[in-house]
Amino acid sequence: MTATIVFDFDGTLAIGHGPVMAYAECAAPLAGAQYLERVETALAEYDAGGGGYRDGYDVVGSLAAADGVEAAALSDAYARSRDVLGTPEAPVSAVEGIDEILESLGRHARLVLATNAPEAGVDRVLESWGVRERFDAVHFTVGKPAGLAPIIRLALEDGPVLAIGDIFDFDLAPAVELGADTALVGATASTSPESVTMRGQTIAELRPDIEAWAASAASSTPAPEGASPRLER
């Protein structure tokens, strides 16, 4: 048996509003007056725990839609912003100490990345951070929340699961429904009324708790007879 940690990408491993503002820049020509200024104001409100938005991408899309920008045009703007992910046009910051954190967790658990984002740009960013090989499996365009359930369900067949993300409804609700543990990070961590296993601003802040979960989960899931220890993967 093997414990599994399922990570979200945007807002969880990748932090900062660089990609969000790249999306806004692509949508701006179609939106109303002072659109970018309104996005920045709403993002600041979201970061402070207000506004009622799901995340930064919801800020961009909601304000553009209110200006009359159609869904197809927004989808195209988002796709174009992802093509430049990790470049100076859409800078991405990693959680502090990400490689060290993943290396430590990988000693005890199988690490899985499950994101709604397309592959474009994400692999490039993971490679630039030097962490692509830390993941045992990577899933793009998952279609959360529904698309996350099969990933969690399959992982639970092998042992305990911890899902980590910044949007409860998308990243964690399917895990809760299936009996997995959860860690909520990001701007809503301190204000969300949802019941989660642990919560904090960033994975770096939660590192001791996540490492303790991984070590405990690993010790409670004996490997099948003849299997190699998780450390030797």
Side-chain angles (χ1 to χ4, degrees), residues 1-15 46 49 52-58 94-95 98 101-102 104-119 122 126 131 134-223 230 233:
M1 301 291 281
T2 302
T4 302
I5 301 178
V6 180
F7 295 87
D8 173 50
F9 181 72
D10 288 286
T12 302
L13 295 177
I15 57 177
Y46 169 76
Y53 294 101
R54 186 172 61 244
D55 61 2
Y57 296 95
D58 188 33
V95 169
I98 184 172
I101 292 171
L102 294 176
S104 173
L105 295 175
R107 298 173 189 169
H108 303 290
R110 180 173 179 263
L111 306 185
V112 174
L113 180 66
T115 174
N116 274 355
E119 185 174 355
V122 176
L126 294 176
V131 302
R134 297 293 186 197
F135 293 97
D136 297 281
V138 178
H139 303 277
F140 300 103
T141 320
V142 167
K144 300 178 189 179
L148 183 62
I151 296 172
I152 299 293
R153 189 178 295 111
L154 185 62
L156 283 169
E157 293 179 3
D158 286 336
V161 174
L162 173 67
I164 305 177
D166 66 312
I167 305 176
F168 179 85
D169 289 344
F170 283 19
D171 304 323
L172 307 183
V176 171
E177 292 173 5
L178 291 168
D181 290 317
T182 53
L184 179 63
V185 297
T188 66
S190 62
T191 58
S192 172
E194 303 292 351
S195 178
V196 295
T197 308
M198 60 186 85
R199 65 179 73 216
Q201 282 296 111
T202 68
I203 290 175
E205 179 182 314
L206 285 179
R207 179 178 178 177
D209 294 328
I210 299 172
E211 288 181 334
W213 180 93
S216 175
S219 66
S220 68
T221 54
R230 183 63 178 77
R233 72 178 174 89

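The shown structure was predicted, so the numbers you read here are calculated from the model rather than taken from an experiment.
Between F7 and L102, the closest side-chain pair of non-hydrogen atoms falls below 4.5 Å. A heavy-atom distance below 4.5 Å is found between the side chains of T12 and I203. Between D55 and Y46 there is a side-chain heavy-atom pair separated by less than 4.5 Å. Side-chain contact between F140 and N116 is absent, with no heavy-atom pair separated by less than 4.5 Å. When side chains are defined from C-beta on, W213 does not count as touching H108, because their heavy atoms never get closer than 4.5 Å. At a threshold of 4.5 Å between non-hydrogen side-chain atoms, the residues L172 and V196 count as touching. L113 has its side chain within reach of F9: a pair of non-hydrogen atoms, C-beta onward, lies under 4.5 Å apart. By the 4.5 Å heavy-atom criterion applied to side chains, V161 and V6 are counted as neighbours.
Side chain of S219 to main chain of S216: a donor-acceptor pair is present (N/O by atom type, distance under 3.5 Å, no hydrogens or angles). The backbone N or O of T2 sits nowhere less than 3.5 Å from a side-chain atom of D158 that would complete a donor-acceptor pair. Side chain of R110 to backbone of A137: no donor-acceptor contact under 3.5 angstrom is found.
The shortest heavy-atom contact between A3 and A218 is CB-N, 4.4 Å. Summarising the geometry of T182 relative to S195, their closest heavy-atom pair is OG1-O, 4.5 Å, with the distance given to 0.1 Å. Heavy-atom minimum distance, D166 versus D10: OD1-O, 3.1 Å. A pairwise comparison of heavy atoms in D181 and A175 identifies O-CB, 4.5 Å as the closest pair. When all heavy atoms of L178 and L156 are compared, the pair lying nearest together is O-CD1, 3.4 Å. For the pair I210 and M198, the tightest heavy-atom approach, listed with the atom from each and the gap, is CG1-SD, 3.7 Å.
Atom CD in Q201 sits 9.5 Å away from atom CG in L206 (nearest 0.5 Å). Rounding to the nearest 0.5 angstrom, the gap separating the CG atom in L13 from the OG1 atom in T202 is 11.0 Å. Distance CD/E205 to CZ/R199: 11.5 Å, rounded to 0.5 Å. To the nearest 0.5 Å, the span separating CD1 on I5 from CG on L105 amounts to 4.5 Å. To the nearest 0.5 Å, the span separating CG on L184 from CD on E194 amounts to 9.0 Å. Rounding to the nearest 0.5 angstrom, the gap separating the CZ atom in F135 from the CG atom in L111 is 6.5 Å.
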query: Does the pair K144 and D169 meet the rule for a salt bridge (Lys or Arg N to Asp or Glu O under 4.0 Å), with working shown?
result: CA-CA 9 Å; K144 300 178 189 179; D169 289 344; over 6 Å; no
Self-check item: Audit row: V176, F168, side-chain contact (heavy atoms from CB on, under 4.5 Å) steps and yes/no
Solution: CA-CA 10 Å; V176 171; F168 179 85; 4.1 Å; yes
